[in-house]
Amino acid sequence: MKSDTNPAMNSDTNSTISPDTNPAMNSATNPAAASPPKVSIAAVRQEFDGLEAGTETGQSRAVAGRLMLRRVQGKVAFGTIQDSTGRLQIFAPAARTFEFAKFCECSIGDWLEVSGEIMTTRRGELSVRADHWQVLARTENPFPDKWHGLADVDTRYRQRYLDLWVTEQARETFVLRSRLLSETRSWLEAQGYVEVETPILHPIAGGALAKPFVTHHEALDKDLYLRVAPELYLKRLVIGGMEKVYEIGRVFRNEGLSTRHNPEFTLLELYCAYGNYETMMDLTKELIVHLAQSLLGTLRLIYGDRELSLEEPSGVRVSGDAGPANSSASERASVSAPTSTPAPALASAPAGTPWRRVTMTQLLHEKLGVEFGLDTPLEDLRSLCRQHEVLVQEWWGAGKLLCELYEKTCEPKIWEPTFVVNYPLEVSPLAMECPEQPGWTERFELIIAGREVANAFSELTDPQQQRERFEAQASYRQQGDLEAMPIDEDYLKAMSYGMPPTGGLGIGIDRLAGLLANQHAIRDVLLFPTLR
RNA sequence: GCCCCUCUAGCUCAAUUGGCAGAGCAACGGACUCUUAAUCCGCAGGUUCUGGGUUCGAGUCCCAGGGGGGGUACCA
């Protein structure tokens with residue numbers, strides 16, 4: 001299904017192969033070459049679409065790519081040449097083909113340039129007649145089995161350059177990923193967001209609860225950490241007056257590998273001054289809807305063997321065309337006044353944000369049938385955690401226990417897009433506390449198909465409160481929590497110059513790409529995943 | 001980290017209860033002027049992941065190690 005909706009393989013109809021960049025093509029091995037136009041295979045298919053069997057067009061073209069199949073049959077040979085835009089048959093009759101015997105000796109996997117008349121065979125297959133041809137590069141190793149392809153998944157990842165030729169799904173996925181990044185950037189920039197690059201080497205690994213990689217700078221004789229999140233630098237930029245700022249970049253977390261985790265992965269983080277977690281919910285939904293529409297042309301996805309609708313459950317239609325879907329979002333995102341009266345979290349969703357919103361405690365109540373709060377006795381929470389196979393640490397408070405319980409029992413069961421709102425302050429050291437609910441924060445995670453796709457909050461802007469949060473983290477750290485955040489004095493100093501109300505958002509690009517490309521394993525959306 | 005599965009020709013896979021190591025594709029030689037994974041004939045291809053053990057005899061059973069996969073824990 002995805003191959004029908006993914007235009008990636010047909011999009012490059014105009015590209016040409018520049019003779020200037022391929023001097024080998026003009027070598028003396030092909031003296032009679034009349035230099036027909038060099039075009040992509042998709043361009044040939046488009047220009048000569050619908051010819052009847054046995055047609056000779058009188059038009060010559062040159063194509064280049066790898067030889068993927070070969071059928072030699074006495075005085076005539078057939079081949080299949082593939083470039084990044086598709087496949088085309090090569091028709092090579094001995095009487096017309098330059099050095100016919102040598103052509104027949106080409107190996108599957110050799111890079112060829114073939115030029116000649118575009119025609120159809122008696123069976124009607126569109127072909128380029130190999131009047132002239134030359135080898136651009138030979139393969140010394142046999143190419144993967146033409147029928148089975150690469151069955152060994154390890155080889156697919158270790159030799160991705162083969163996988164890309166042989167596994168069509170892989171090519172489509174990575175083109176989709178590229179377009180996802182490009183669409184995300186243009187959509188954000190249309191709304192006034194500025195892309196920046198912040199340091200990857202951090203003196204302090206902050207901005208997320210995660211174990212960092214450590215490295216060492218020789219000249220400074222100082223340990224540095226690969227960033228676990230760009231958050232604290234981006235917020236420094238908000239303090240610096242970059243009101244709408246974002247970064248798409250690699251972050252690094254020194255944790256286990258799994259189908260959902262790679263030690264390095266791509267995170268989109270954005271910050272919007274004068275915004276809050278409500279505006280981030282709107283923006284998140286608008287962005288994801290726009291990406292699905294523009295990349296797939298639909299909001300009804302297939303994920304695994306299940307349907308996954310990004311449409312609002314009430315049946316209210318979102319504009320079905322793939323045109324700019326950002327007009328309402330840009331209005332909302334350009335809030336110019338501080339949001340003095342944020343709506344209560346569970347008020348009926350404003351128009352345009354129909355995805356379900358539900359608090360973490362409400363989900364826990366639905367799932368376990370018990371009312372929970374931060375005043376629930378710790379022993380009760382601990383025993384519930386143990387019942388659900390959560391490994392409890394002694395320093396965990398009620399907030400952490402509730403969050404763990406939610407992640408274990410509720411999160412994997414959520415299928416339709418759902419904003420889970422109001423996270424415990426204990427696990428949200430950078431988020432603003434709910435004004436009327438002490439111990440809870442204005443934070444949400446967007447869950448789709450049981451996976452966390454986005455995480456966002458109204459940023460904590462008060463430097464004194466931030467210091468207290470850091471100190472609490474430091475105490476967890478002393479008790480053995482390696483993921484707790486260290487105190488970042490430099491960030492506190494920046495905050496002390498005044499930080500405006502700010503909404504912040506993080507989106508896991510790999511997971512989003514997997515969602516749209518119907519790929520469950522993170523290594524299938526990473527060109528070169530970390531392997532053992 | 002823990003649990004389970006897997007490893008045989010370049011590739012994809014067979015091999016009955018422990019009894020001569022096999023096929024297709026690729027390669028190589030040959031036939032063939034319209035094929036679509038072309039077809040046909042021929043030829044060649046092996047430290048059965050490694051090291052021990054049981055046995056008259058081990059690809060097969062046992063032990064240890066290694067590569068890979070899946071699940072699980074931390075985590076996004």
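Predicted model, so just to flag it, every value in this text is computed and none were measured. Numbers restart at 1 for each chain; the letters A, B, ... are given by sequence-line order, proteins then strands. Only heavy atoms go into these numbers, but all of them, side chains included; no hydrogens, no water, no symmetry mates.
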Choose from [options] the nucleotide whose nearest atom is closest to any side-chain atom of [X].
X	options	result
A/T121	B/rA76, B/rU35, B/rA73	B/rU35
A/E483	B/rC74, B/rU35, B/rA76	B/rC74
A/E404	B/rG71, B/rC74, B/rU36	B/rC74
A/L69	B/rA37, B/rC34, B/rA76	B/rA37
A/R122	B/rC34, B/rG71, B/rA76	B/rC34
A/V72	B/rC32, B/rA76, B/rU36	B/rC32
A/P142	B/rA76, B/rA26, B/rU36	B/rA26
A/R123	B/rG69, B/rU35, B/rC34	B/rU35
A/F78	B/rA76, B/rU33, B/rU35	B/rU35
A/Q73	B/rA76, B/rA73, B/rC32	B/rC32

For the [atom1] atoms, the ones on [N] and on [M], what distance do you get once it is rounded to whole angstrom?
N	M	atom1	answer
B/rA21	B/rG68	P	31 Å
B/rC43	B/rU35	C1'	25 Å
B/rC7	B/rC62	P	13 Å
B/rC32	B/rU39	C1'	9 Å
B/rU12	B/rC20	P	26 Å
B/rG24	B/rA58	P	29 Å
B/rG46	B/rU16	C1'	22 Å
B/rA38	B/rG22	C1'	25 Å

Can you find an N or O donor on one side and an acceptor on the other, under 3.5 Å apart, linking the side chain of A/Q89 with the base of B/rU35?
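Yes.
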Is the ring centre of A/Y246 less than 6.0 Å from the ring centre of A/Y271?
no
Parallel, tilted or perpendicular: ring planes of A/Y303 versus A/W415, cut at 30 and 60 degrees
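Taking A/W415 first and then A/Y303, their aromatic rings sit tilted (interplane angle of 30° to 60°).
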According to a strict under-4.0 Å criterion, is [X] in side-chain N/O contact with OP1 or OP2 of [N]?
X	N	value
A/K75	B/rC34	no
A/R158	B/rG68	yes
A/R156	B/rG68	no
A/R71	B/rU35	no

Atom [atom1] of [X] and atom [atom2] of [N]: how far apart are they, to the nearest Å?
X	N	atom1	atom2	result
A/R70	B/rA37	CZ	P	16 Å
A/N254	B/rA73	CG	P	20 Å
A/L267	B/rA76	CG	P	11 Å
A/F100	B/rC34	CZ	P	11 Å
A/Q159	B/rG68	CD	C1'	14 Å
A/E389	B/rU72	CD	P	11 Å
A/L257	B/rA73	CG	P	16 Å
A/D110	B/rA26	CG	C1'	14 Å

Could you tell me whether the side chain of [Y] reaches within less than 4.5 Å of the side chain of [X], counting heavy atoms only?
X	Y	value
A/L283	A/C272	no
A/L515	A/R451	no
A/W165	A/F143	yes

Looking at every strand, decide which applies to A/S258 at a 4.0 Å heavy-atom threshold: base, sugar-phosphate, or nothing.
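No contact.
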Once you apply a heavy-atom cut-off of 4.0 Å, does A/G508 come out as touching a base, just sugar-phosphate, or nothing?
nothing
Does the side chain of [X] pick up a donor-acceptor pair with the side chain of [Y] at under 3.5 Å?
X	Y	value
A/Q59	A/R61	yes
A/Q159	A/Y161	yes
A/R87	A/Q82	yes

The single option from A/R253, A/R250, A/R227 passing salt bridge (Lys or Arg N to Asp or Glu O under 4.0 Å) against A/E264:
A/R250
Cation-pi check, A/R523 to A/Y157: give yes when NZ or CZ is under 6.0 Å from the six-membered ring centre and within 45° of the ring axis, no otherwise.
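Negative - A/R523 is either too far from the ring of A/Y157 or too far off its axis.
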Does the cation-pi check pass for A/R236 over A/Y233, that is, NZ or CZ under 6.0 Å from the six-membered ring centre and within 45° of its axis?
yes
How does RNA chain B read in dot-bracket, base by base from 5' to 3', with Watson-Crick or G-U pairs under 3.5 Å and | used when the partner is on another strand?
(((((((..((((.....[..))))..((((.......))))......(((((..]....))))))))))))....
Mark yes when over 12 heavy atoms from residues, nucleotides or ligands other than A/E394 sit less than 6.0 Å from its CD; otherwise mark no.
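Result for CD/A/E394: open.
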Given RNA chain B, 5'-ward residue of the pair A/E105 and A/K408, judged by closest heavy atom:
A/E105
Expected string for nucleotides 40-45 of chain B under the B/S/- scheme (protein heavy atoms, under 4.0 Å, primed atoms plus P, OP1, OP2 as sugar-phosphate) is ------
